[in-house]
Colleague: 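Pasting a structure here, questions to come.
Nothing fancy with the numbering, it's 1 onward along the sequence.
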Amino acid sequence: MATTTEWKQQIQAGSWDAALSELYTPDQVPAQRARYLRTLEGFEQNFGADRDVRLYSAPGRTEIGGNHTDHNNGVVMAAAVDLDIIAVVAKNDRNTVRFISEGFGKIDEIDLSVLTPQPEEAEHSASLIRGVAAGFARRGGTLGGFDAFSTSNVLRGSGLSSSAAFEVCLGAIFRGEYNADRQDLFSQVEIAKIGQYAENLFFGKPSGLMDQTACAVGSAMSIDFRDPEAPVVEKVAFDLAGEGYALCISDTKGSHADLTDDYAAIRREMEAVAECFGKKVLREVEEAEVVAAIPAIRAKVGDRAVLRALHFYSECRRAVALRRALEEKDFPGFLRRIIAGGHSSFEYNQNAYSIHNPAEQGVPLALAISQRVLEGRGAWRLQGGGFAGTIQAFVPLDLLESYRAAIDGIFGAGSCHVLTVRNHGAIEVTRDL
């Protein structure tokens, strides 16, 4: 542990460049060095200088396959990316978490003696802090107060899971500050489950577990949620540059605000199909049973629910096939399945835009532009929750500037982000990463 002054001196001297290069990429080190210094200074301005602090980081994530399958115990493929939240943290003796996120103009102050959902905090960051603390307490963890100042470059409302990154960063903080960084008690997957608990019960969003798992674990991975209490997580080698491609996430500038019911409806309708068979989730029902009973199901729960169920089964198979294609170094096959998954999400799962605001269709427009530039060469799909936010594309390096210009020309300069897969999940940042 070091003081904020010592941290700044070390960063300015380049002592942390190797760690920053490992977390991000070598060409990002100067910008990240400045960002870490700014975060330390933000802590000092709000909580005092020369306090002993630790730094924590958690990445955003991109979904590669398995769109809206995790909440019905399906299979996904996802990857952590080199956009993250970082937090400067110091213990306090108040039994209170005081958390400031740069740019929000407020402080969340959470009394840790109250670990039940507070209605006025629903859908606000304070609910996630309280929920993560409650999740630790439920698992026998030790709690204590801390002061934190954070910065984040995970695009909010973008489908890169800024909320999940925040949740698992909090988990890493509670584990590191008060639980001796006990990975045996609070593994990365356990941290993810605590984050989901906070989001579901305290924030009020019925998310699955993919976002938190990808942010907590890091790297590219396949996740099978057949048993959501013990998801099977397997890392996958993913060398896009070696294939001559870049991963692009394009921000269509649509807001995720007021879309909670759109998201919830997908899970609700998939589970309604399962209920037709006396089951809780689609993973417990054989696809052939659903197909054979479509006339009865559509009469009971509607056509959209049937289509979303069909998407679930095909998308789970696709997630497995995407991993296999990478393992077998069949990159053309990988790209074909990416495109097919995008079509299924748009046409069957129907989460390209909200039916409540059909005039705003930034995601479909970005997909259309992507197809015009990349057809026959690359791949494109909506990702994450959908309805608004970002799309994903795998772009040949020789088309990268053309693709970026096409997206930025419509959605504004800087809308197309070229990302890399990050091999570290939610961690304390140290020099010996």
Colleague: For residues Ala90 and Asp52, report the shortest heavy-atom separation together with the two atoms involved.
Modeller: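 In terms of heavy atoms, the two residues are closest at CB-O, 3.3 Å.
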Colleague: Taking it one step at a time, do Thr62 and Gln383 satisfy side chain to side chain donor-acceptor pair (under 3.5 Å)?
Modeller: CA-CA 7 Å; Thr62 184; Gln383 59 127 36; 2.6 Å; yes
Colleague: Do Ser415 and Ser250 have side chains that approach each other closer than 4.5 Å (heavy atoms only, starting at C-beta)?
Modeller: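 Ser415 does not reach Ser250 side chain to side chain.
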Colleague: What I want to find out is whether Asp251 reaches Lys253 closely enough, with some N-O distance under 4.0 Å, to be called a salt bridge.
Modeller: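 Looking at Asp251 and Lys253, the cut-off is not met.
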Colleague: Should Thr4 and Glu44 be marked as a side chain to side chain donor-acceptor pair (under 3.5 Å) after you check the CA-CA gap, both sets of side-chain angles, and the distance that decides it?
Modeller: CA-CA 7 Å; Thr4 52; Glu44 290 179 330; 2.7 Å; yes
Colleague: Apply the test side chain to side chain contact (heavy atoms under 4.5 Å, CB included) to residues Glu360 and Tyr353: give CA-CA distance (whole Å), side-chain angles for both, the deciding distance (0.1 Å), then the verdict.
Modeller: CA-CA 7 Å; Glu360 183 181 308; Tyr353 63 93; over 6 Å; no
Colleague: Salt bridge or not for Arg94 and Asp147, using N-O below 4.0 Å?
Modeller: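 Salt bridge absent between Arg94 and Asp147.
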Colleague: Any non-hydrogen side-chain atom of Asn67 less than 4.5 Å from a side-chain atom of Arg381?
Modeller: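 The answer is yes, as the side chains (C-beta and beyond) meet within the 4.5 Å cut-off.
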Colleague: Is the centre of the Phe149 ring less than 6.0 Å from the centre of the Phe47 ring?
Modeller: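 No, the ring centres sit 6.0 Å or more apart.
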Colleague: Please examine the side chains of Val53 and Thr3, heavy atoms only from C-beta on, and report whether any two atoms are closer than 4.5 Å.
Modeller: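 No, their side chains stay 4.5 Å or more apart.
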Colleague: Between Arg422 and Ser57, does a side chain to side chain donor-acceptor pair (under 3.5 Å) hold up when you go through it step by step?
Modeller: CA-CA 12 Å; Arg422 165 169 149 160; Ser57 165; 2.9 Å; yes
Colleague: Would you call Asp239 and Lys329 a salt bridge, using N to O less than 4.0 angstrom?
Modeller: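 Salt bridge flag = no for Lys329 with Asp239.
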Colleague: Would you check, one step at a time, whether the test side chain to side chain donor-acceptor pair (under 3.5 Å) holds for Thr25 with Gln28?
Modeller: CA-CA 5 Å; Thr25 57; Gln28 292 185 58; 3.0 Å; yes
Colleague: Under 4.0 Å between a Lys/Arg side-chain N and an Asp/Glu carboxylate O for Lys193 and Glu229?
Modeller: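 Yes, this pair counts.
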Colleague: Which one of Asp111, Asp108, Ile129 satisfies the side-chain contact (heavy atoms from CB on, under 4.5 Å) criterion with Val97?
Modeller: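 Per the side-chain contact (heavy atoms from CB on, under 4.5 Å) rule, the option paired with Val97 is Ile129, out of Asp111, Asp108, Ile129.
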Colleague: Taking atom OG1 of Thr420 and atom OH of Tyr24, what is their separation to the nearest 0.5 Å?
Modeller: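 Rounded to the nearest 0.5 Å, the OG1-OH separation comes out at 11.0 Å.
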Colleague: Taking Glu287 first and then Arg317, would you say they form a salt bridge - that is, a charged N and a carboxylate O separated by under 4.0 Å?
Modeller: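 Yes, this pair counts.
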Colleague: Inspect the surroundings of CZ in Arg139 and state if more than 12 heavy atoms from other residues, nucleotides or ligands are less than 6.0 Å away.
Modeller: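 Yes, CZ of Arg139 has more than 12 neighbouring heavy atoms, counting only those of other groups under 6.0 Å.
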Colleague: Evaluate the criterion side chain to side chain contact (heavy atoms under 4.5 Å, CB included) for residue pair Met1 and Arg54; output intermediate values, then yes/no.
Modeller: CA-CA 6 Å; Met1 187 180 291; Arg54 291 189 177 94; 3.0 Å; yes
Colleague: Contact between Ile249 and Gln392 at the side-chain level, heavy atoms closer than 4.5 Å - yes or no?
Modeller: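 Of all side-chain heavy-atom pairs linking Gln392 with Ile249, at least one is under 4.5 Å.
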Colleague: Evaluate the criterion side chain to side chain contact (heavy atoms under 4.5 Å, CB included) for residue pair Val395 and Arg404; output intermediate values, then yes/no.
Modeller: CA-CA 10 Å; Val395 181; Arg404 195 198 315 253; over 6 Å; no
Colleague: Is the shortest side-chain heavy-atom distance between Thr213 and Asp70 below 4.5 Å?
Modeller: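 When only atoms from C-beta onward are counted, Asp70 and Thr213 do not touch, as no gap falls below 4.5 Å.
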Colleague: Below 4.5 Å, heavy atoms only, C-beta onward: do Leu143 and Leu115 meet side chain to side chain?
Modeller: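 Sidechains of Leu115 and Leu143: in contact.
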Colleague: Taking NZ in Lys235 as the centre, count heavy atoms belonging to other residues, nucleotides or ligands within less than 6.0 Å. Is the count above 12?
Modeller: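 It does: Lys235 NZ has more than 12 such atoms within range.
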Colleague: Distance only, no hydrogens: is a donor on one side chain within 3.5 Å (strictly under) of an acceptor on the other, for Glu347 and His343?
Modeller: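 Their side chains do contain a donor-acceptor pair, which is all the 3.5 Å distance test asks for.
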Colleague: Taking the ring centre of each residue, are Phe146 and Tyr178 less than 6.0 Å apart?
Modeller: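 Here the rings of Tyr178 and Phe146 have centres that are no less than 6.0 Å from each other.
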Colleague: Determine, step by step, whether Arg324 and Glu327 satisfy the salt bridge (charged side-chain N to carboxylate O under 4.0 Å, His left out) criterion, reporting the C-alpha distance in whole Å, the side-chain angles of both residues, the deciding distance to 0.1 Å, and the verdict.
Modeller: CA-CA 5 Å; Arg324 187 179 302 120; Glu327 291 174 340; over 6 Å; no
Colleague: Do Phe186 and Ile194 make a side-chain contact, defined as non-hydrogen atoms from C-beta onward lying under 4.5 Å apart?
Modeller: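 Yes, close enough: below the 4.5 Å cut-off.
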Colleague: Please report the C-alpha distance between Lys106 and Ser125 in whole Å, then the side-chain angles of each, then the deciding distance to 0.1 Å, and finally whether the side chain to side chain contact (heavy atoms under 4.5 Å, CB included) criterion is met.
Modeller: CA-CA 11 Å; Lys106 66 182 180 70; Ser125 56; 3.4 Å; yes
Colleague: Less than 4.0 angstrom from a charged side-chain N to a carboxylate O is my criterion; do Glu41 and Arg38 meet it?
Modeller: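 Between Arg38 and Glu41 there is no salt bridge, as every charged N stays at least 4.0 Å from the carboxylate O atoms.
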Colleague: What do you reckon, is OH of Tyr313 surrounded by more than 12 foreign heavy atoms closer than 6.0 Å?
Modeller: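 Counting other residues, nucleotides and ligands, OH of Tyr313 exceeds 12 neighbours.
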Colleague: Given side chains that start at C-beta, do those of His417 and Val81 come closer than 4.5 Å, heavy atoms only?
Modeller: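 Not touching, per the 4.5 Å side-chain cut-off.
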Colleague: Give me the one residue out of Tyr245, Tyr403, Phe334 that meets ring-ring contact (aromatic ring centres under 6.0 Å, His included) with Phe394.
Modeller: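 The single option meeting the ring-ring contact (aromatic ring centres under 6.0 Å, His included) with Phe394 is Phe334.
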